Amino acid sequence: MLTASIVHKSPHEIIQFGHSQFAIVTRQCYHLMAGSLDSRGFMHVDMARINGHNGLIGTHHAVNDGSIGLRAAHQEENLGVRGATCHANFLLGLFAIYIKTIGSRRLGIGFHEMLHHLRMRSVVVVTFKRNHIRAIYIYEIHRCLLVAKIIIIFLILSTKLKEKFGNVICFPYLCAHIYLINCHLMKRLFFVMTVLLTVTTTTRAASQAVLHNVYARQITSLNGNWQIVADPYDAGYYDYRLKESANGYFKNDQPKSKGDHVEYDFVDSDALLVPGDWNTQRKEFFFYEGSIWYKKDFKWNGQGQKRCYLYFGAVNYQAEVYLNGEKLGMHIGGYTPFNFDITDKVKKGDNFIVVRVNNVRKPDGVPTVNSDWWNYGGITRDVMLVETPETFVDDYSIRMPKGDYKNIEIKVRLNQPESGVKVSVKIPELRINKTLTTNENGEAEMTVKAKPQLWSPQKPKLYEVLISCNDEQLRDEIGFRHIETSGNKILLNGKEIFLSGISVHEEAPFKTGRCTGEQDDKTLISWAKELGCNFLRLAHYPHNEQMVRLAEREGLLLWSEIPVYWTIHWNNPATYENALNQLRDNMKRDHNRCAIIVWSVANETPHSEARDKFLAGLAQEVRANDDERLLSMAMEVSNTKGNVAEVRDYMSSLVDIISFNCYLGWYGGKPADCDTRQWMIPQDKPFFISEFGAGALAGLHGDAAAKWTEEYQAEVYRHTLAMYDRTPGFSGCSPWILMDFRSPRRQNHQTQNFFNRKGIVSEQGVKKQAFFVLQEFYRQKNTK
Ligand code: GCB
């Protein structure tokens, strides 16, 4: 079937970046450019974001080949950073590199092969008039043969050329070959040309926009035993010239005859449980940092009219994902979900997935090489197949508009920009039953009169919400509440609230390692409840979705954080992209969770102009996507003179809550120093102690002046709590930490044994004295 339909006639989203004359954001945001063209055809790029998750496709090879790849571009031309200038040809060059990358491996730079490789789904044509974008056309090319796709592209192209206004053609991934044709035409017509864009499903693409509320969809779990091949030298990934091997372990090869040569094998290999980290599943992997290949067979009986996605809750840290020997894409970041549309690739019957998981810490990573928690490697969260209709609700937001207690605002967005699609939204208990019709962007919204019972820690009321579109019904449980600050107070539903909190890592009680199921989350939450908490700081990265939902049902307010931790590479655009993606994916997954009241963008970061810019960018992202939740980050005490300590941080002006970590009495000073310490809190804002604490080995008793005893830890708690309690604006705290957790930095054999012992509960569930000190403090706070 030869079909191409125009799905878009204007930029999907146009954003103004300062003086930009144009901005293009493709539907799934893989490519974004904003800037202006000057009379010489130079493109002044205010902002460019290419292939969000990975940097430019093929960068790796480009750099290996010695050619200018995006990484080099980042350094030399500053592409990706506001204010950079480069010639359009340079951008074309980047595409050429991409072609080279694919070509150099095994194909030669064949046009057809390239198209084949790229699995094109859409073509983008941009027309310009006097340096301004006149129109952007995105053509979806429906499932059809490659030859048909090529014909369509040429038809589109020639039609556009004939149109009088059609100055410039821009079409993605059609390689330098077509660019040359264009160049020629353009010279003759004095046209200015710019290239860019597209969202296509390519064999080497990054993962795609994350499906919201995935557990409510039609899912098939792929959890359980996965066969593995540990690959410390990455022999299954690189060839002996250190190029990505065309015949890597993802092929899952087996000798077909006696003479066949294959040096790995999944058939008789060991297995690891998914979800789970490898470090605590097998002794030999306890300290392992490197690659492990995972393989899973599955049968698929899906039906024609559906889409199928392969979804991963989280893989730490980098995942290359292959289906039936073909690369789907990759993902960076160990704590956020990602998925791939595999509709065109999954086969009826037998299939196999191979994932190369690599947890090597990287200086430019997020987090970077040093942190204070275990770098658990593996497929650490659920894996599933998700089936959806062809057009479905990809995301929705249901909440009370900011400051409004009498209305509920409903917003839905489809997976594709399709108009006229009906979406039904019901909240039975509130007698809401509405049908929304999508506009040409595939979006719809409506505000409905309603006065829901408010969600609060005392009454965590959640309403059943049913969202139906085509054959899919999404069930959710949503609570309604307002969170804000007023002067130095935090207000929940208009009333002042003290956040009686505790920090938690996503580490499993008793067995240690990553939490892998409801029971682990439940145990952590039950301890927090016993402590009298109404708040959890989910440190230092997004925790699993079920934990967030469970906490919400239990009436715990939440602080949600990304692992921008200590000293990351503030000047590196790829690091920024990585952090931004993690923030976006975290917000995309959890934005309907009323329990989350704080988005935190960082923890204990050192002051510099670059860091300020980096964090301000993240703060801006939070504000742009959430007009109500509070913004914060764990800051440091920067200026102590005598007895007076001050939190002086550029970010103070941007956050809603001044949060900081301070270990007075542990890393410096004595617990009693707290008795005379004064605090200068900048701005008229609430302040929150995101960390304080001391290490203690459960069961070790002695003098309150002796470190590592329970008595010492309890003493630190007493003095610290009293100190903050007498300081105006003290709005809550999340002491460090609920449970002892594994950390390679903690090497004292007598007491630590690779555990950070600041837990007020041991990893075996023994409550230390400090637990009861904090419990009593919260009891008094809550009865005031
Ligand atoms: C901190 C960090 C936290 C550490 C803690 C400690 O400030 O934010 O990740 O684990 O101190 O125990 O030193």
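The structure presented is a predicted model; accordingly, all values stated were derived computationally and were not measured. Atoms considered below: every heavy atom in the structure, side chains included; atoms not considered: hydrogens, waters and symmetry mates. When a ligand or atom number is given, it counts from 1 through the structure's own listing order.
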Handout entry: Any N/O pair W566/ligand 1 closer than 3.5 Å
Key = no
Exercise for the section: May I ask you to check whether over 12 heavy atoms, not counting those of E518, lie within 6.0 Å of atom CD? Expected result: no
Fill in the blank from the handout: closest protein heavy atom to atom 1 (C) of ligand 1 is E691 OE1, 2.7 Å
Handout entry: is_close_aromatic(W455, H482), centroid dist under 6.0 Å
Key = no
Problem - Centroid separation W374 to F755 less than 6.0 Å - result: no
Handout entry: Which of the ligand 1 atoms, numbered from 1, are nearer than 4.0 Å to a heavy atom of E604
Key = 1 (C), 2 (C), 7 (O), 8 (O)
Handout entry: Under 4.0 Å to a heavy atom of F741 - the qualifying atoms of ligand 1, by number
Key = 10 (O)
Exercise for the section: Decide, yes or no, whether a salt bridge links R779 with E776 under the criterion of side-chain N to carboxylate O below 4.0 Å. Expected result: yes
Exercise for the section: Return the residue, atom name and 0.1 Å-rounded distance of the protein heavy atom closest to atom 12 (O) of ligand 1. Expected result: K758 NZ, 2.6 Å
Exercise for the section: Answer with yes or no whether H505 contacts ligand 1, where contact means a heavy atom under 4.0 Å from a ligand atom. Expected result: no
Exercise for the section: Report the C-alpha distance between Q318 and K362 in whole Å, list the side-chain angles of each, state the deciding distance to 0.1 Å, and finish with yes or no for side chain to side chain contact (heavy atoms under 4.5 Å, CB included). Expected result: CA-CA 11 Å; Q318 180 168 326; K362 297 190 167 86; 3.4 Å; yes
Practice task
With K707 as the cation and W666 as the aromatic partner, state whether NZ or CZ is under 6.0 Å from the six-membered ring centre and within 45° of the axis.
Solution key: yes
Fill in the blank from the handout: Near Y667 (heavy-atom distance under 4.0 Å), the atoms of ligand 1 are 6 (C), 12 (O), 13 (O)
Handout entry: Contact check, W373 vs ligand 1, heavy-atom distance below 4.0 Å
Key = no
Problem - Element-labelled atoms of ligand 1 that are located less than 4.0 Å from some non-hydrogen atom of N603 - result: 2 (C), 8 (O)
Practice task
Within a distance under 4.0 Å of any heavy atom of R746, pick out the atoms of ligand 1 and give their elements.
Solution key: 6 (C), 12 (O), 13 (O)
Exercise for the section: Considering only non-hydrogen protein atoms, determine which one is nearest to atom 10 (O) of ligand 1 and report residue, atom name and distance to 0.1 Å. Expected result: D372 OD2, 2.5 Å
Handout entry: Ring centre gap for Y376 and Y317 strictly below 6.0 Å
Key = no
Practice task
List every atom of ligand 1 that sits less than 4.0 Å from any heavy atom of N661, numbering the atoms from 1 in the order shown and giving each element.
Solution key: 7 (O), 8 (O)
Problem - Ring centre gap for Y541 and W373 strictly below 6.0 Å - result: yes
Practice task
May I ask whether W666 places a heavy atom under 4.0 Å from ligand 1?
Solution key: no
Handout entry: Contact atoms of ligand 1, heavy-atom distance to N756 under 4.0 Å
Key = 6 (C), 10 (O), 12 (O)
Practice task
Would you please indicate if the ring centroids of Y724 and W679 are separated by under 6.0 Å?
Solution key: yes
